[in-house]
Amino acid sequence: MSGLKEKIEKLQERFDEAIEGITDEKALQEVRNLYLSRSRGSVSSLFGELKSLKPEEKPDAGKEINALKEYVQDKLQALQIQLSGPRAVEEMVDLTLPGEASYIGSPHPILIIQQEIENIFLSMGFSVEEGPEIETDYYNFEALNFPPHHPARDDWDTLYINDDFLLRTHTSPVQIRVMEKRKPPIRIITPGKVFRKESPDPTHLPMFYQVEGLVVDRGITFAHLKGTLESFLKILFHEKTKVRFRPSFFPFTEPSAEVDIGCTVCNREDSACRVCGGGGWIELLGSGMVDPQVLKNVNIDPEEYSGFAFGLGIDRAAMFLYQIPDLRYFYENDLRFIRQFLQK
Amino acid sequence: MKISIDWLKDFIDVELSTSRLIDTLNSIGMLIDSWEEQKGDIILELETYSNRPDTLGHIGVARELAVALDLPLKEQEWPLTEVDENSSENIDIEIFDDDLCPRYCGIVVKDVNVGPSPEWLARKIEAMGLSHINNVVDVSNYVLFATAQPIHMFDISKLSGKKIIVRKAKKGEAFRSLEGEDINLSPDMLVIADEQKPVALAGVIGGENSAVTETTRDILIESAHFNPVSVRKTGKKTGIQTDASYRFERGSDISFPPKAALMAASLLTQFGGKATKGIVDIYPKSRKNKTVMLRQRRVSEILGVDIRSDFIVETLSKLEFILEKKQQGVWQVQVPFFRIDIEREADLVEEIARFYGYENIPSVFPPLTAMEPPPDPKKRQIQKCRQALFHYGFDEVVNYSFADPENEEKLQSGRKAIAIRNPISTKASLLKTTLLEGLLENIAWNQNRGADGIHIFEVGKIYFWEDDACSEQMSLGMATAGYLGMNSWQEPPIQTNFFHLKGVCEAILSLLRYESVVFLAGKHPSLEKESALSILLKGKKIGCIGAVRRDICSSFSIREPVWAAELDLNGIFQKQPRPFEYIPVIKYPKVVRDISFIADRKISYQEIKQTLEELSIPNLERFELYDRFTGVSIPKEKVSLSFRFLYHHPQRTLLAEEVDGFQEKIIKTLSSKFGFQLREGGEN
Ligand SMILES: [Zn+2]
C-alpha cells in the first residue's frame with residue numbers, strides 16, 4: 001500500500017512538471033494522452049495495480065488514485081480553458097479564423113419537391129401509394145378507358161418491352177391497382193418515375209417524375225377538385241398564385257380540366273415573357289372527375305361513388321419554381337447544380 | 001390545327017379582339033397555343049383533342065364559339081351548275097365491306113378548268129400553312145379545313161369502267177400513292193378500286209394512277225365515312241399520316257358526306273365545271289342518332305353546384321343536341337352525329353360545365369370521411385438511409401433508368417437485362433440492371449468539371465428478367481472518389497477509401513437495425529478481385545462493396561480510384577429487422593478492459609468478430625477494435641490487434657473477478673482457435 005502511495009505522489013510531481021510551460025493545445029493533448037489515455041495512460045494504469053493489493057486496502061487505494069485522476073483532470077481542464085480562452089485572441093490564435101466546415105450531402109432537387117408535395121397532401125389527409133414501373137397495357141391504358149387503336153394513345157408516346165409489357169407513361173396504373181384493392185373512401189397520391197418515347201430536349205424527357213392524385217368517395221364533386229388543387233398550388237407556389245381551370249380532354253376523366261397557374265415570372269404582364277411565352281399562364285396539371293367507365297372497370301359503382309383525379313409533372317413544377325431553363329439539368333447530376341438545393 | 005379568324009368569319013360574325021377571342025376559346029376548352037398575324041389575318045394555333053374531331057375544321061370551331069358568345073351560325077349556300085346527266089349514269093359505287101366503309105358518296109363534275117386558285121381560295125390554303133397546287137386540290141383542302149370532312153378527287157378518265165368498288169386489298173396488289181411512294185398492300189387494308197386496280201388507299205391517300213393533273217377535265221368527288229380503327233391501322237402499317245387519315249381515325253360525321261360532296265362540287269363549278277345530277281350515296285345501314293339520358297340532379301351532384309334546368313336545355317340545344325323531357329329534371333338527349341365523343345351522361349355534364357364556365361364552379365375542400373392507411377414503413381426506412389448518407393457527405397443523384405448495352409456488358413451485373421422494343425436510341429435500349437453505370441457516369445461528368453471529391457448515391461429501381469417475368473428491385477447505389485470533407489486550415493485533406501464507404505454501409509444497416517449483416521470476401525465482375533466483399537443478411541446476399549475495376553473506370557474516363565457499393569433494398573426489407581426496444585440506461589459503472597494480441601494476418605476481422613459474438617459473454621455490452629498495427633516490433637506475417645471490451649451489469653456493479661473470468665475466456669478462445677498471443681503488457 002505504501003508503495004502505491006509513493007507512486008501516486010511521484011506521478012503527481014511529474015505531472016506538475018510536465019504541465020509547466022505548456023503553451024499550445026497540441027502539447028496539452030500529449031500530456032493528456034500520457035496520463036489519462038484509457039489504454040496506456042500512467043494514471044489509468046494505476047487502477048490495474050489495485051489487483052495486487054489486499055482486499056481491505058483496495059477501497060482507500062482506489063480513492064487515492066481517483067483523487068489523483070481528478071487532480072490531473074482539473075489541471076488539464078483549467079489549462080485548456082486558458083489556452084483557448086480570450087487570452088489567445090491577443091497572443092496566440094486568431095479566433096475569427098473559419099470554423100470547421102463539414103460537407104453535408106444534398107438531396108436531389110426533384111426528390112425535395114416530391115417530398116414537399118407529399119407533405120402538402122399528407123396534411124390534407126392523403127396517403128402515398130407506389131407501384132410498378134413496368135406495366136401491362138391493361139393498367140396503363142385499357143383500364144383507364146383508352147380503347148385499343150385509339151389516337152388518344154398517341155399523346156402518351158410509349159416505350160414497349162414487348163406486346164405484354166410497357167414502361168408506364170403515367171402513375172395512373174397505381175390508382176387502378178389501389179381501387180382494385182380497396183373500397184372507397186380513397187384519398188391517395190401516387191408519385192414516381194414515368195417514361196415516354198421522347199428524345200431529351202429542354203422541355204421533354206424520356207423519363208421524369210410525376211405525382212398523380214385520386215379521391216373517390218360518396219358525393220365528390222368538381223368543386224372539391226377545384227378546392228383541393230387550388231389549396232395545393234397556393235401552398236406549393238405562393239398564396240397569391242392565380243389558378244385557372246379550363247376544359248380539356250383525358251380519356252380517364254370526364255369532365256376534364258387543365259390547371260394553369262398565373263406566370264410567377266412576369267405576373268401575366270410581359271407579352272415577351274420567356275417563361276409563359278407571353279400568355280401569362282403556365283400549364284401545370286391535368287385533372288378531372290374520374291370517368292364512370294374507369295370506376296366500373298374496378299367494380300366501383302359510379303352511381304354511388306364519384307371521384308376526381310389529377311396529375312402533375314414534378315420536373316415541370318420544379319422548372320417553374322426555380323426558373324430552370326432546361327429539364328435535362330435534373331438528370332445530368334452536376335453537383336454544382338444539385339448542391340444548390342441543399343439550402344432549399 | 002391552324003384556325004384563320006377571317007375564315008371563322010365566313011360562319012360567325014365575331015367582332016372580338018384577338019385576346020378576348022383566345023380567352024373565350026380557352027374557357028370552353030379550345031386551347032390556343034400561339035397565334036400570329038399573316039397578311040392581315042390572324043392565325044391561331046389550336047390544340048385539338050383526339051376525342052373532338054368535329055373541331056378539326058373551321059365550322060366546328062365556329063359552332064362552339066357561337067354558343068359561347070350567343071351568336072347565330074351563318075348558313076352557306078352551295079349552288080350548282082349542272083349537266084343534264086344523272087350521277088348514277090357516270091358512276092356505279094359498290095361497298096363490299098360496310099363495316100370498314102359505312103357510307104360512300106360520289107358526284108361527278110365535268111369540264112373543270114384545272115389551274116391556279118382564285119385569290120380568296122389561295123389565301124385560305126396559305127393560311128393553313130399549305131402551298132397551293134391547283135384549284136382542284138385546293139378545293140379538297142378547303143372542304144377539309146372548313147368542315148373536317150376529308151374528300152378525295154379522282155380523274156375519272158383514268159378509271160377503268162364506271163365501277164367504284166370499296167373493298168379490302170388483295171395480297172400482293174400493287175399501289176403507288178400520289179406522292180409516288182410504292183405501298184405494300186395487305187388484305188386488312190381497305191382500298192377504293194375501279195374494275196381493275198386500287199385507285200386509293202381508303203381514307204389515307206389517293207393513288208398516282210387516278211390523280212388529278214393539269215390536263216384533267218372530268219372529276220369524281222369522293223366524300224365518305226371510313227371506320228376509324230381501320231384507317232388508323234392502315235396508317236400505322238404504311239407509315240402514312242395525312243390530314244385526311246388524321247380526321248378519319250378520330251371519327252368523322254357520318255351525316256356529312258353528301259353535304260361535303262355538294263360543297264366541293266359547287267366550288268368546282270366556279271372553275272367551269274358542271275356537276276352531274278344527284279349525289280350517289282351508298283349508305284347501306286343507315287344509323288340513328290345516339291341518345292343519352294340526362295338527370296339534372298346528376299349534373300349538380302358531379303359539378304358541386306346547382307345548375308338550373310333552363311341553362312341545361314338552352315346550352316345543349318345550342319350545341320345541336322335535341323332534348324326530350326321525360327320527367328321533371330330528366331331528359332332523353334339526342335346526340336348530333338358530329339359529336340362522336342358524347343356517349344354517356346358524364347359527357348353531357350362536361351358540355352354543361354364547359355359553357356357554365358369552370359370559373360363559376362365554387363372551390364370547396366372535400367370532407368374527410370375516413371382515415372387513410374398509415375405510411376408504408378419501407379418509405380421511412382429509405383428516408384433514414386438518405387438522411388444518414390447526407391450526414392456522411394453523400395450527394396443524391398437521379399439517373400435515367402435506361403442503360404447502354406455496352407456499359408451493361410462491361411459491368412456484368414449477372415442479371416438478365418430487359419430490352420426496350422422501341423428505344424429512343426441504342427445507347428438507351430436496355431433497362432439498368434445495376435445503378436453503378438449511372439454513378440460512374442456522374443463521377444466522370446463531375447470530375448471533368450473540376451470536382452475533386454465526389455461522393456454520391458442513388459435510390460432507384462433496377463430491372464431484370466426473372467424467369468419470364470419483369471422484375472423491379474429497389475436498390476441503393478453508392479460511390480465515392482477523391483477527397484473527403486471540406487478543406488480545413490487545421491487538418492490536411494484526406495482521400496476517401498474503402499473503409500470510409502464500408503463505414504457508411506455499416507451505419508445505414510445499423511440504423512435500420514440489421515446489425516447482423518456479414519461482410520465476406522466475394523467476387524464481383526465490376527470490382528477489383530482483391531478489393532471486393534459480399535454483404536450477406538441471414539445467409540442471403542444483399543449487396544456488394546469494393547473498388548471498381550480500373551479498366552472499367554478508365555472506360556468511363558475516370559482517372560482516380562472509385563469505391564462503390566450496391567445494396568438490394570427489397571432483399572433487405574424482406575428480412576425482419578431486429579425489433580426496436582428501449583433499454584433502460586444502466587446506473588452502475590461500466591468496466592472497461594483492453595487486450596492486445598499478436599495475431600496471424602490471415603485471420604479476418606469478420607472471423608474474430610463472429611467468434612467473439614458466439615461466445616455470448618454475459619454483460620459484455622460491446623467490443624471494439626481500437627488499434628491495429630504492424631511494424632518492426634512485430635513479425636512480418638503478424639499484426640497487433642487491440643480490442644476494448646465494455647462490460648455492464650444492469651442491476652449491480654460488476655466485480656473485478658467476474659470480468660477477469662470473462663476476459664480469460666476471451667483470451668483462451670482466441671488463443672486456441674486462432675493462435676493469438678497476448679502482447680507483453682497487453683492486458684489491462
Ligand atoms: Zn410570364
Side-chain angles (χ1 to χ4, degrees), chain A residues 38-39 45 48 97 100-108 110-111 125-128 132-134 149 151-152 155 159-162 165 185 187 193 197 199 206-207 215 217 220-224 226-228 230-231 245-249 254-255 257 289 291-292 306 331-335 338-339, chain B residues 26-29 49-52 229 232-233 249-250 302-305 344 346-347 349-350 353-354 358 361-366 368-370 372-373 375 389-390 393-401 418 420-422 424 442 445-446 449 451 461 463 470 472 485-486 488-490 592 594 684:
Chain A
R38 272 191 278 185
S39 50
S45 55
L97 281 170
E100 268 301 297
S102 65
Y103 190 101
I104 301 166
S106 174
H108 191 276
I110 296 285
L111 297 172
F126 285 66
S127 67
V128 181
E133 291 169 17
I134 299 174
H149 307 295
D155 298 336
L159 289 166
Y160 287 93
I161 307 292
N162 52 33
F165 292 103
R187 196 183 277 231
K193 285 176 185 163
K197 185 173 161 51
S199 296
M207 181 192 94
V215 173
D217 201 351
I220 293 295
T221 70
F222 194 89
H224 292 143
K226 282 188 72 180
T228 305
E230 270 175 19
S231 312
F245 293 80
R246 64 189 159 74
S248 186
F249 165 70
E254 191 77 34
M289 300 304 291
D291 193 285
S306 53
Y331 301 96
E332 276 172 355
N333 296 305
D334 191 314
L335 296 182
I338 290 178
R339 287 190 57 75
Chain B
N26 275 343
S27 74
I28 55 170
Y49 302 117
S50 58
N51 69 331
R52 290 297 307 275
V229 173
R232 181 173 164 83
K233 281 183 170 169
E249 68 177 29
R250 280 160 177 73
I302 290 177
L303 298 183
V305 63
R344 296 93 30 97
D347 303 325
V349 173
E350 179 171 71
R354 283 201 301 137
Y358 282 10
I361 296 171
S363 294
V364 179
F365 195 75
L368 207 55
T369 58
E372 278 293 308
L389 284 155
F390 299 143
F394 278 68
D395 291 311
E396 184 171 39
V397 295
V398 177
N399 285 290
Y400 291 125
S401 297
I418 297 171
I420 298 168
R421 190 168 66 186
N422 57 337
I424 49 167
N442 302 151
W445 173 283
N446 284 289
R449 283 155 186 82
K461 280 178 173 172
Y463 318 78
C470 295
E472 296 174 27
M486 310 280 269
S488 159
W489 56 269
Q490 296 204 96
V592 179
D594 294 342
N684 69 64

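Computed from a predicted model, the values in this text were never measured in an experiment. Just so it is clear, the values below take in all heavy atoms, side chains as well, and ignore hydrogens, waters and symmetry mates. Convention: sequence-line order gives letters A, B, ...; per-chain numbering from 1.
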Straight-line distance of K193(A) NZ to K461(B) NZ, nearest 0.5 Å
8.5 Å
So which heavy atom on I28(B) is nearest to which on P247(A), and how close?
C-CG, 3.6 Å
Closest approach of Y103(A) and G485(B), non-hydrogen atoms and distance?
CB-CA, 3.9 Å
Identify which part of E230(A) has an atom lying under 4.5 Å from any heavy atom of chain B, answering side chain, backbone, both or neither.
side chain
Look at M486(B), R232(B), K233(B) and state which one has the largest set of heavy-atom pairs under 4.5 Å with chain A.
R232(B)
Can you find a heavy atom in the side chain of I424(B) that is under 4.5 Å from one in the side chain of K197(A)?
yes
Using a cut-off of under 4.5 Å on heavy-atom pairs, state which of P375(B), A451(B), C470(B), A353(B) scores highest against chain A.
C470(B)
Flag the pair V398(B) / L111(A) as yes when at least one side-chain heavy-atom distance between them is below 4.5 Å, and no otherwise.
yes
Relative to chain B, which segment of F165(A) carries a heavy atom at a distance below 4.5 Å: side chain, backbone, both, or neither?
side chain
Of I110(A), V215(A), V128(A), N162(A), the largest count of non-hydrogen pairs under 4.5 angstrom with chain B goes to N162(A)
Working to the nearest 0.5 Å, report the span between OG of S27(B) and CZ of F245(A).
15.0 Å
Shortest non-hydrogen contact from T228(A) toward P366(B)
OG1-CD, 3.1 Å
Part of L159(A) lying under 4.5 Å from any heavy atom of chain B:
both
What heavy-atom pair brings Y331(A) and N399(B) nearest, and what distance separates the two atoms?
O-OD1, 4.4 Å
Ranked by heavy-atom pairs below 4.5 Å to chain A, first place among N26(B), L389(B), V229(B) goes to N26(B)
Would you say Q490(B) and L97(A) make side-chain contact, with heavy atoms under 4.5 Å?
no
Does any non-hydrogen side-chain atom of E100(A) lie less than 4.5 Å from one of S488(B)?
yes
Given S199(A), S306(A), P132(A), G125(A), the one with more heavy-atom pairs under 4.5 angstrom with chain B than any other is P132(A)
Can you measure from CD1 (I104(A)) to CG (D395(B)) and round to the nearest 0.5 angstrom?
10.5 Å
To the nearest 0.5 Å, how far apart are OG1 in T369(B) and CZ in R187(A)?
7.0 Å
Which atoms of M289(A) come close to chain B, meaning under 4.5 Å heavy atom to heavy atom: side chain ones, backbone ones, both, or neither?
side chain
When rounded to the nearest 0.5 angstrom, what is the spacing between CD1 in I420(B) and CD1 in I161(A)?
5.5 Å
Bottom line for F394(B): the part with an atom under 4.5 Å from chain A's heavy atoms is backbone
Interface residue of largest heavy-atom contact number with chain A, from R449(B), E249(B), R354(B), under 4.5 Å
R449(B)
Do you know which two heavy atoms are closest between R344(B) and P292(A), and how far apart they sit?
NH1-CG, 4.2 Å
Looking only at G227(A), A223(A), S231(A), most heavy-atom pairs under 4.5 Å shared with chain B are made by A223(A)
Report yes if some heavy atom in the side chain of P255(A) is under 4.5 Å from a heavy atom in the side chain of V349(B); otherwise report no.
yes
Top of P206(A), P185(A), A101(A) for chain B proximity - count of heavy-atom pairs under 4.5 angstrom
P206(A)
Examine whether an atom of S102(A) lies under 4.5 Å from a heavy atom of chain B, and if so say whether it belongs to the side chain, the backbone or both; otherwise answer neither.
backbone
Whatever's closer than 4.5 Å to a heavy atom in chain A on R250(B) counts as both
Which heavy atom in P373(B) sits nearest to a heavy atom in S127(A), and how many Å separate them?
O-CB, 3.7 Å
Side chains of D334(A) and N446(B): closer than 4.5 Å at any heavy-atom pair?
yes
Non-hydrogen atoms of chain B under 4.5 Å away: do they reach the side chain of R246(A), the backbone, both or neither?
both
Interchain contact, V397(B) with chain A, by part (heavy-atom threshold 4.5 Å):
both
